[in-house]
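Computed from a predicted structure; not experimentally measured. So that the names make sense, note that chain A is the first sequence line, chain B the second, and so on, each numbered from 1.
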There are 2 protein chains.
Amino acid sequence: MDRREEIILAAEKSFSMFGYKATTMDQVAKIANVGKGTIYTFFSNKEELFHSIVWKMVEEMKDISERTAIEGASFQENAHARIMQLLKFRETHQLFIKLIEEEKELRTPAVGDVLTTIEKEIVNFIAGKIDRGIAKGELKPCDSKLIAYLLFKSYLALVNDWSKTHDDQLTEKQITDVLNNTIFSSLLV
Amino acid sequence: MDRREEIILAAEKSFSMFGYKATTMDQVAKIANVGKGTIYTFFSNKEELFHSIVWKMVEEMKDISERTAIEGASFQENAHARIMQLLKFRETHQLFIKLIEEEKELRTPAVGDVLTTIEKEIVNFIAGKIDRGIAKGELKPCDSKLIAYLLFKSYLALVNDWSKTHDDQLTEKQITDVLNNTIFSSLLV
DNA sequence: AATAGACCAAAATGGTATTCTGGTCATTTT
DNA sequence: AAAATGACCAGAATACCATTTTGGTCTATT
């Protein structure tokens, strides 16, 4: 069996279950049925192994979001569906959940760094969609990075943060209504 | 000299300099030139004293923001000026700075609670302005709480968070442009 | 009646002995 | 010869416990 692949699977399992800090290289080696030294022939250190796993997750997340697009739907509809998918992934995927938890409770620096990188990657992903919308003439030209940032932060605020200070969650209709009237409407030609 | 006032002044000084956790009741008593027991005749415990000081600060902040309004200016202009003032206060006022720092580094629960309360108060303050705009016929009817929340979170994102993941800060023009085109434009009649 | 500060239980802190962990490398296996 | 292993090590993390600090009380004093 491919040792590199075994190691990656073991690392995914361990990081997902215990987080970055509580995952030991011995642990990974044991799950992968591999000597600890072997890991170091494929990954130069724990952090590189971690990045590798996280990057794989990000690619999967973008893939899923991509596939969410509806044929023939408007830009707003697709953008909304895609971003909601990203947020759902964020709250559903074992590893992602664990990383957010670890960032909140433990403040592990490596985890903070990785979460920042992921956020940048997501915003770039959204900015790319906006640029494509502009190129296709569906959207007005605009500062796509800035709009993507504002859009993502707004979704995070409405979907995740609102319920932290309010008893009720916002309904999806409330969210689409307010964003269609504000950010999205400013984008359309 | 009014002992209650002395205690409040001493507490303001100590909380501003050392934060909540590192401020001791002995410290406050000493600064106020008062026996420790005396504090407890005016405030039932440390947390109540703290709330009292923080509440005073919030009132001052709202006051300053209020006074920032420009006669005869449009809703957007006033709203922008007021919210920027709130954010500036947040980054300028000794006690506020200390509380944000303590929340980030120490995670003192009492501080987290208080910061949440302050955020709610600010959002309510903004929602009130929106309601008044609606009543005066300057704005379309809307869910003012929701818009106030989105607006405040957007300002925080653009003014405070952007620079954490980007080298350059956003200019005030970039911020007003994007918000005028999006959230504000949806509000106007 | 108001104030003070000695006092107390509980929590926080500091110091240190012990364990754990990432990474290496000489040895073993293939 | 090339790949894999796991004993080994230095430094980091943890657990432990003695000591100090702190919020809050309560009796003595003004």
Whole-Å distance separating the [atom1] atom of [X] from the [atom2] atom of [N]:
| X | N | atom1 | atom2 | value |
| --- | --- | --- | --- | --- |
| B:N33 | C:dG5 | CG | P | 10 Å |
| B:F18 | D:dT22 | CZ | P | 12 Å |
| B:Q27 | D:dG24 | CD | P | 16 Å |
| B:D2 | C:dT3 | CG | C1' | 15 Å |
| B:L106 | C:dA12 | CG | C1' | 12 Å |
| B:I39 | D:dG23 | CD1 | P | 9 Å |
| B:F50 | D:dG23 | CZ | C1' | 16 Å |

Self-check item: Within-4.5 Å side-chain heavy-atom neighbours: A:I97 and A:R90
Solution: no
Distance-only side-chain donor-acceptor flag, [X] / [Y], under 3.5 Å:
| X | Y | result |
| --- | --- | --- |
| A:E102 | A:T108 | yes |
| B:S16 | B:Q94 | no |
| A:H80 | A:Y155 | yes |

Find every protein N or O atom lying less than 3.5 Å from an N or O atom of nucleotides 19-28 of chain C, and list the pairs.
residue, atom, partner, partner atom, Å
C:dG22, OP1, A:T23, O, 3.1
C:dG22, OP1, A:K46, NZ, 3.0
C:dG22, OP2, A:M25, N, 2.7
C:dG22, N7, A:K36, NZ, 3.2
C:dG23, OP2, A:Y40, OH, 3.2
C:dG23, OP2, A:K46, N, 2.7
C:dG23, N7, A:K36, NZ, 3.0
C:dG23, O6, A:K36, NZ, 2.2

Quiz item: Within the pair B:R3 and C:dA4, is there a side-chain N or O less than 4.0 Å away from OP1 or OP2?
Solution: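 Answer is yes, contact under 4.0 Å.
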Quiz item: Nearest 0.5 Å, what's the CD1-CE distance between B:I118 and B:M57?
Solution: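 B:I118 CD1 to B:M57 CE: 4.0 Å, rounded to 0.5 Å.
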Quiz prompt | Trace of the side chain to side chain donor-acceptor pair (under 3.5 Å) decision for B:E48 with B:S44 | solution = CA-CA 6 Å; B:E48 192 188 302; B:S44 60; 2.5 Å; yes
